[in-house]
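By convention in this document, chain letters (A, B, ...) are assigned in the order of the sequence lines, proteins followed by strands, and residues within each chain are numbered from 1.
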Amino acid sequence: VYCFSPVINRLCEEGRVNEAFGLFEDMMTKHGVWPNVVVCTSLIHGLCRTGRWREARNFLGSMIRWGISPDVFTFTIVLAALCKEGRVREALDVLEQMSNWGIKPHVITYTSLIYGFCRLGEFGKAIALLDKMKSDAVPPDVITFNVLLDALCKVGRVKEALAMYRLMMQRSTRPDTFTYNILIYGLCHSGQWEEAMRLLDEMLHLKIFPDTITLSGILDAFSEQGMMEKARKLFEEMTRRGPKPDIISYNTLIKGYCLLGEMDKAEEVFEEMASKGDLPDIISYNTLAIGYIKADRIYVAFKLVEDAT
RNA sequence: CAGUGUUGUCAUC
């Protein structure tokens, strides 16, 4: 099983679930190896990820019939997949099923549910769960907080996110790069630049360093607000000192120029990526093409679409 | 280190 398991898991991760099941069958019939909860859970994960919920349910039933008991991983995986789809109602059913098996949810289980509630904009329920964690002696961790911070920022409740961040610090939960990426993104996009820079200092102080995502978030805020001189400056700084811009950073810069109708500059960046290692992707083409359409240069857009294919 | 949760770009919604 220990040999088959990683391979089956890899196939599931790549979405090659049918092949994974093929190997699973071979494992049992040709090699006489009896499955365990880990292999079965990997397969269930694969099914959930590809939206094959019915089969996931059935397979869960099968494994139980084979005398293989699902564990906290099994339930959490199904629950998290449902939450990601916004199907929190069904996720709660899984939670109940889980407790029928006498399995206690752990931090990842709760965090997934909180993510689900946030996705639906049900912040009250998300916070209630956070409180329940504390009373259940399942302490929220940095990811739990990151989920809440991100959801609050994304609906424009940045002030509450900052309050939550302070709460998290009070509980001595150490923030990570994600935490700051989320908050700085939220602050910059709501025009609170000074506060954003304050947080940037704070993260450096804790020896948590900005990465490409941090700076691309800022770059995007500059781009959306038409502050292209600053965007360009930041981009050049990234090129010189790092963290290095990646394809998304390029696309972000292109977007900024397109929004201002500065198509020459946008084109320049586009050309530049081709000469560096980052080849334009479908999003680069899309962004530029739509920019041209908005600038009433539809012919150029057609040409681009042609190039892209 | 055999399996689970969070962050940046276009369009769609």
Side-chain angles (χ1 to χ4, degrees), chain A residues 1-10 12-13 20 35-46 48-49 70-84 86 91 94 105-116 118-119 140-151 153-154 161 175-186 188-189 210-224 231 243 245-256 258-259 266 269 273 278 280-291 293-294 304-305 308:
Chain A
V1 205
Y2 291 85
C3 300
F4 285 95
S5 188
V7 180
I8 289 177
N9 188 49
R10 177 63 68 89
C12 287
E13 271 177 8
N36 65 6
V37 61
V38 174
V39 193
C40 292
T41 299
S42 281
L43 289 164
I44 289 177
H45 195 186
C48 289
R49 232 196 313 254
D71 62 11
V72 62
F73 281 75
T74 317
F75 287 113
T76 299
I77 284 166
V78 176
L79 180 146
L82 287 166
C83 287
K84 196 164 293 177
V94 173
H106 63 188
V107 57
I108 298 183
T109 319
Y110 280 117
T111 301
S112 304
L113 273 170
I114 289 177
Y115 181 90
C118 286
R119 242 190 66 108
D141 64 11
V142 58
I143 299 186
T144 315
F145 281 107
N146 287 346
V147 166
L148 281 158
L149 295 179
D150 184 51
C153 284
K154 291 287 154 63
D176 62 9
T177 310
F178 281 53
T179 314
Y180 288 104
N181 290 355
I182 290 162
L183 290 172
I184 291 172
Y185 181 96
C188 292
H189 280 78
D211 60 12
T212 301
I213 297 186
T214 321
L215 300 184
S216 293
I218 300 174
L219 200 62
D220 186 59
F222 283 146
S223 293
E224 293 206 327
D246 63 8
I247 188 162
I248 296 186
S249 321
Y250 275 106
N251 290 343
T252 303
L253 202 59
I254 292 174
K255 163 173 113 173
C258 286
L259 285 174
V269 177
M273 24 188 340
D278 283 309
D281 64 2
I282 185 68
I283 295 185
S284 324
Y285 277 97
N286 233 347
T287 308
L288 198 60
I290 289 171
I293 291 170
K294 291 205 175 122
L304 270 172
V305 173

Note to self: Between A:Glu224 and A:Lys255, does any NZ, NE, NH1 or NH2 come within less than 4.0 Å of an OD or OE carboxylate oxygen?
What the structure shows: yes
Checklist line | Expected output: side-chain A:Asp150 to main-chain A:Cys153 donor-acceptor under 3.5 Å | finding: no
Note to self: Between A:Tyr110 and A:His106 (judged by ring centroids, cut-off 6.0 Å), do the two rings come close enough to count as a pair?
What the structure shows: no
Checklist line | Residues which pass side chain to side chain contact (heavy atoms under 4.5 Å, CB included) with A:Ile213, listed by chain and number, not counting sequence neighbours | finding: A:Asn181, A:Asp211
Next item on the list: May I have the step-by-step check of side-chain hydrogen bond (donor to acceptor under 3.5 Å, both in side chains) for A:Thr212 and A:Asp246, ending in yes or no?
Entry: CA-CA 7 Å; A:Thr212 301; A:Asp246 63 8; 5.2 Å; no
Note to self: I need a per-nucleotide contact map over nucleotides 5-12 of chain B, read 5' to 3'. Cutoff is protein heavy atoms under 4.0 Å; write B for the base, S for backbone only, - otherwise.
What the structure shows: BBBBBBS-
Note to self: Say we look at B:G5 and B:C1: how far apart would their P atoms be, to the nearest angstrom?
What the structure shows: 13 Å
